[in-house]
K.L.:
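Take this structure first; my questions come after.
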Amino acid sequence: MESSKFTYDVIIAGCGPAGATLAAELRLHDVRVLVLEKETEPASDVRIVGLHIRSLELMAMRGLLDRLREHGRQRPAGGFFAGIGKPAPTDLDSAHAYLLGIPQPVVVRLLEEHATGRGAEVRHGAAVAGFEQDTEGVTVALADGEHLRARYLVGCDGARSTVRKLLGVGFPGEPSRTDTLMGEMEVGVPRDEIAAKVAEISRTERRFRLVPVGARTYSVVVPAAAVGDRAEPPTLEDFRQELRTVAGTDFGVHSPRWLSRFGDATRLAERYRVGRVLLAGDAAHIHPPAGGQGLNLGVQDAFNLGWKLAAQVLGRAPEFLLDTYQTERHPVAADVLDNTRAQMELHSTEPGPRAVRRLLTELMDFDEVNRHLIEKITAIGIRYDVGEGPDLLGRRLPDLDVAQGRLYDLLRHGRGLLLDRTGRLTTGGWSDRVDHLADPTAAVDVPCLLLRPDGYAAWIGDDQRDLDDHLSCWFGRPADRPKAM
């Protein structure tokens with residue numbers, strides 16, 4: 001296929017965390033990327049989101065973590081599951097075993113700057129209005145009437161995804177049954193009075209919170225009596241009314257910084273790919289914010305998809321590779337949806353769910369239970385099905401010390417990596433896309449290990465022929481082997 005037929009290799013709809021991350025990942029491989037963002041200005045709210053362990057690892061892997069930490073606040077990696085206040089185990093297998101609280105607009109801005117710094121083009125105020133795909137590419141129609149041609153289109157355009165709807169992909173699940181209001185505003189009563197009232201109410205109402213974020217400013221979370229239109233932000237009067245209903249007082253709230261609402265709708269796209277059009281982030285899955293997993297799930301979608309789509313664009317992907325995006329990420333999203341459903345049940349004020357919450361609180365005193373839930377929420381417990389083998393196969397490697405420094409620094413450019421303790425193996429004709437590190441570290445207790453560009457173990461062994469088969473499986477034909485005619 002001649003590149004001159006296409007203005008871009010990939011068009012991405014949506015420049016949120018997933019879209020910006022995907023654009024940067026594609027640019028690591030010199031893929032021509034256009035990101036279309038329908039909004040002309042950044043979001044006005046400054047809500048704080050949490051980057052979990054696995055997302056922090058991925059950011060470290062691309063050299064972004066230090067920049068993010070400058071704008072965030074670290075807190076212990078515990079108390080995530082249904083807000084049950086159990087500390088995380090002290091020996092979690094990560095160099096970044098904490099939560100980074102950071103304003104969402106800052107995350108979006110830094111990720112967009114990262115993408116444009118690598119050469120991605122971003123257009124604000126540009127929305128997808130339609131598209132048609134054929135065997136060679138996708139023609140994308142913009143709302144202003146312009147038409148663009150690309151090899152692939154990826155919808156990262158949120159829960160109301162235009163791309164998903166036009167693609168005709170089902171989005172089954174449950175609609176919102178409850179609403180929660182969330183915002184930041186000043187209060188008009190003393191702090192000790194607020195603390196006493198919050199302590200009283202939070203014993204039974206888990207969706208109620210007033211947390212100081214400044215001298216007189218509080219983060220306010222309060223359940224709403226009815227499900228509202230999420231396209232319209234709530235008013236300050238809405239907050240006052242719901243606070244009076246739940247707490248008997250509105251705490252004299254005034255001067256809001258931002259106001260929003262979220263529901264407990266839970267939906268998962270039936271397919272992540274139809275031909276040359278794919279979905280990622282909230283366009284592929286939505287769920288309540290319990291555990292703070294949403295942004296993290298979308299960013300991790302992008303890291304999984306980026307190197308695979310780049311290989312497809314460059315014509316060196318094995319036939320099945322792009323399909324592994326769905327086979328790997330769809331079950332992960334399904335698991336997140338299930339655990340958020342469970343957490344929302346545990347927030348209920350009904351006697352049954354409250355009894356289950358008390359029981360789970362006791363069970364989490366067992367290290368195995370607490371560890372399992374922390375690893376689930378933070379995504380470090382994920383194991384992809386890449387074939388039979390040791391437990392490490394299909395799992396991510398933490399940021400280990402290696403002879404040349406830190407492991408994640410060696411993965412910064414989006415290439416595969418062979419960790420070879422035998423000193424006998426070679427990446428051969430794949431050396432243009434897979435680096436080779438001989439005698440890496442005693443911490444990797446296997447002879448040799450092949451890492452994918454996203455840091456997951458794709459092969460473990462010590463036989464060159466077996467390695468060559470797996471290099472071909474994940475990275476396509478070697479450079480010295482021509483394509484069969």
K.L.:
Around atom CZ of R177, are there more than 12 heavy atoms of other residues, nucleotides or ligands at under 6.0 Å?
P.N.:
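12 or below, so no.
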K.L.:
Go through R62 and L28 one step at a time and tell me if the side chain to side chain contact (heavy atoms under 4.5 Å, CB included) criterion holds.
P.N.:
CA-CA 10 Å; R62 296 298 186 256; L28 284 174; 3.4 Å; yes
K.L.:
Any chance you could measure M182, atom CE, to R261, atom CZ, to the nearest 0.5 Å?
P.N.:
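If I round to the nearest 0.5 Å, the distance is 11.5 Å.
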K.L.:
Looking at F171, does the NZ or CZ of R164 lie under 6.0 angstrom from its six-membered ring centre and within 45 degrees of the ring axis?
P.N.:
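Geometry flag: set, cation within 6.0 Å and 45°.
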K.L.:
What distance do R329 atom CZ and L305 atom CG have between them, rounded to the nearest 0.5 Å?
P.N.:
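Between R329 CZ and L305 CG, I get 10.5 Å after rounding to 0.5 Å.
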K.L.:
Apply side chain to side chain contact (heavy atoms under 4.5 Å, CB included) to H52 and L297, showing your working.
P.N.:
CA-CA 10 Å; H52 282 310; L297 183 61; over 6 Å; no
K.L.:
I'd like to know if the side chain of R216 reaches the main chain of V187, judged simply by a donor and an acceptor atom lying under 3.5 Å from each other, with no hydrogens or angles considered.
P.N.:
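Flag set: sc R216 to bb V187 pair under 3.5 Å.
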K.L.:
Do the charged groups of R54 and D454 touch, with an N to O distance under 4.0 Å?
P.N.:
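No, R54 and D454 are not salt-bridged.
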K.L.:
For the CG atom of L346 and the CZ atom of R341, what is their distance to the nearest 0.5 Å?
P.N.:
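Rounded to the nearest 0.5 Å, the CG-CZ separation comes out at 14.5 Å.
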K.L.:
Are the side chain of S176 and the backbone of A265 linked by a donor-acceptor contact shorter than 3.5 Å?
P.N.:
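Side chain of S176 to backbone of A265, a donor-acceptor pair under 3.5 Å: yes, one is there.
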K.L.:
Would L397 and L392 count as a side chain to side chain contact (heavy atoms under 4.5 Å, CB included) if you check the C-alpha gap in whole Å, the side-chain angles of each, and the deciding distance to 0.1 Å?
P.N.:
CA-CA 8 Å; L397 239 60; L392 180 59; 3.4 Å; yes
K.L.:
Do side-chain atoms of S202 reach the backbone of V198 as a donor and acceptor pair under 3.5 angstrom?
P.N.:
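Side chain of S202 to backbone of V198, a donor-acceptor pair under 3.5 Å: yes, one is there.
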K.L.:
Between the side chain of R207 and the main-chain N/O of V221, is any donor-acceptor distance below 3.5 Å?
P.N.:
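It does not hold such a pair.
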K.L.:
Please assess L407 against L419 for the test side chain to side chain contact (heavy atoms under 4.5 Å, CB included), listing each intermediate value before the final yes or no.
P.N.:
CA-CA 10 Å; L407 175 64; L419 301 177; 4.2 Å; yes
K.L.:
Does S161 use its side chain to pair, donor to acceptor, with the backbone of D157 at less than 3.5 Å?
P.N.:
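Not at all, since once roles are kept as given, no pair shorter than 3.5 Å links the two residues.
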K.L.:
Flag the pair R109 and E113 as a salt bridge only when some basic side-chain nitrogen lies within less than 4.0 angstrom of an acidic carboxylate oxygen.
P.N.:
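E113 and R109: salt-bridged.
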K.L.:
Could you tell me the separation between the CG atom of D399 and the CG atom of L56, rounded to the nearest 0.5 Å?
P.N.:
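Atom-to-atom, D399:CG and L56:CG are 11.5 Å apart.
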K.L.:
Output yes when a side-chain donor or acceptor of R27 lies under 3.5 Å from a complementary backbone atom of R118, and no otherwise.
P.N.:
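Yes; at least one donor-acceptor contact below 3.5 Å.
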K.L.:
Less than 4.5 Å apart, side chain to side chain, heavy atoms only: is that true for R160 and I286?
P.N.:
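No, every pair of side-chain atoms sits at 4.5 Å or beyond.
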K.L.:
Main chain of V222, side chain of E242: is a donor-acceptor contact present, judged purely on distance under 3.5 Å?
P.N.:
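Answer holds: no.
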K.L.:
Using the six-membered ring wherever Trp is involved, compare the ring planes of F320 and W474 and label them parallel, tilted or perpendicular (cut-offs 30° and 60°).
P.N.:
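The arrangement is perpendicular - the two ring planes meet at more than 60°.
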K.L.:
Drop me the distance from R465's CZ to D468's CG, to the nearest 0.5 angstrom.
P.N.:
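Taking CZ in R465 and CG in D468, the distance rounds to 9.5 Å.
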K.L.:
Would a 4.5 Å heavy-atom cut-off, applied to side chains only, mark R354 and T204 as touching?
P.N.:
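R354 reaches T204 side chain to side chain.
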K.L.:
Which heavy atom in G387 sits nearest to a heavy atom in L393, and how many Å separate them?
P.N.:
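That would be O-CD2, 3.5 Å.
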K.L.:
Does the side chain of R452 come under 3.5 Å of the side chain of Y384 through a donor N or O and an acceptor N or O?
P.N.:
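On atom types as modelled, these side chains do not qualify, holding no pair under 3.5 Å.
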K.L.:
Under 3.5 Å, is there a donor-acceptor pair linking the side chains of Q300 and N304?
P.N.:
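Side-chain D/A pair, Q300 to N304: absent.
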K.L.:
R415 pairs by side chain to side chain contact (heavy atoms under 4.5 Å, CB included) with which of L451, D435, T427?
P.N.:
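Testing each of L451, D435, T427 against R415, the sole residue satisfying side chain to side chain contact (heavy atoms under 4.5 Å, CB included) is D435.
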K.L.:
Quick check against the 3.5 Å criterion: does T324 have a side-chain atom that pairs as donor or acceptor with the backbone of L321?
P.N.:
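Yes, T324 side chain to L321 backbone: donor-acceptor pair under 3.5 Å.
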K.L.:
If you define the side chain from C-beta out and look only at heavy atoms, does anything of W459 sit under 4.5 Å from V386?
P.N.:
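The answer is no, as the side chains (C-beta and beyond) never meet within the 4.5 Å cut-off.
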K.L.:
Examine distances only and state if a side-chain atom of Q326 and a backbone atom of Y272 form a donor-acceptor pair shorter than 3.5 Å.
P.N.:
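Yes; judged by distance alone, with no hydrogens or angles, the pair exists.
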K.L.:
Which residues pass the side chain to side chain donor-acceptor pair (under 3.5 Å) test with T340, not counting sequence neighbours?
P.N.:
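Once residues adjacent in sequence are excluded, T340 has no partner under the side chain to side chain donor-acceptor pair (under 3.5 Å) criterion.
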K.L.:
Output, in order, the C-alpha distance, side-chain angles, deciding distance and verdict of salt bridge (Lys or Arg N to Asp or Glu O under 4.0 Å) for R371 and D91.
P.N.:
CA-CA 10 Å; R371 183 181 302 274; D91 58 345; 2.7 Å; yes
K.L.:
Is there a side-chain contact between D367 and P89 in this structure, where contact means two heavy atoms from C-beta onward sitting under 4.5 Å apart?
P.N.:
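A side-chain contact exists here, since the closest heavy-atom pair is under 4.5 Å.
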K.L.:
N370 and M364: which non-hydrogen atoms are nearest, and at how many Å?
P.N.:
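Closest approach of N370 to M364, heavy atoms only: CB-O, 3.4 Å.
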K.L.:
May I ask you to check whether over 12 heavy atoms, not counting those of H413, lie within 6.0 Å of atom NE2?
P.N.:
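It does not: H413 NE2 has 12 such atoms or fewer within range.
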K.L.:
Quick check: closest heavy atoms across A23 and A115, and the distance to 0.1 Å?
P.N.:
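Scanning both residues, the minimum pair turns out to be CB-CB, 4.0 Å.
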K.L.:
Within the side chain of E25, is there an N or O that forms a donor-acceptor pair under 3.5 Å with the backbone of W307?
P.N.:
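Side chain of E25 to backbone of W307: no pair is present.
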K.L.:
Within the 4.5 Å heavy-atom criterion, are T180 and D264 side-chain neighbours or not?
P.N.:
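Not in contact.
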K.L.:
Hey, does E328 have a side-chain heavy atom less than 4.5 Å from the side chain of Y456?
P.N.:
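Not in contact.
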K.L.:
Is the shortest side-chain heavy-atom distance between I380 and D93 below 4.5 Å?
P.N.:
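With C-beta onward as the side chain, the pair stays apart.
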K.L.:
Which pair of heavy atoms, one from E112 and one from A20, lies closest together, and at what distance?
P.N.:
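Heavy atoms of E112 and A20 come nearest at N-CB, 3.8 Å.
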K.L.:
Any side-chain heavy atom of V31 within less than 4.5 Å of one from L309?
P.N.:
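The answer is no; the side chains never approach within 4.5 Å.
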K.L.:
Looking at every heavy atom in both D409 and R412, which two are closest together, and how far apart are they?
P.N.:
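Nearest heavy atoms, D409 then R412: OD1-NH2, 2.8 Å.
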K.L.:
I need the minimum non-hydrogen distance between A95 and R406, along with the two atoms involved.
P.N.:
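For A95 versus R406, the nearest heavy atoms are CB-NH2, 3.7 Å.
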K.L.:
Quick one: pull up CZ in F81 and NZ in K376 and give me the separation to the nearest 0.5 Å.
P.N.:
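Spacing of CZ (F81) from NZ (K376) equals 8.0 Å.
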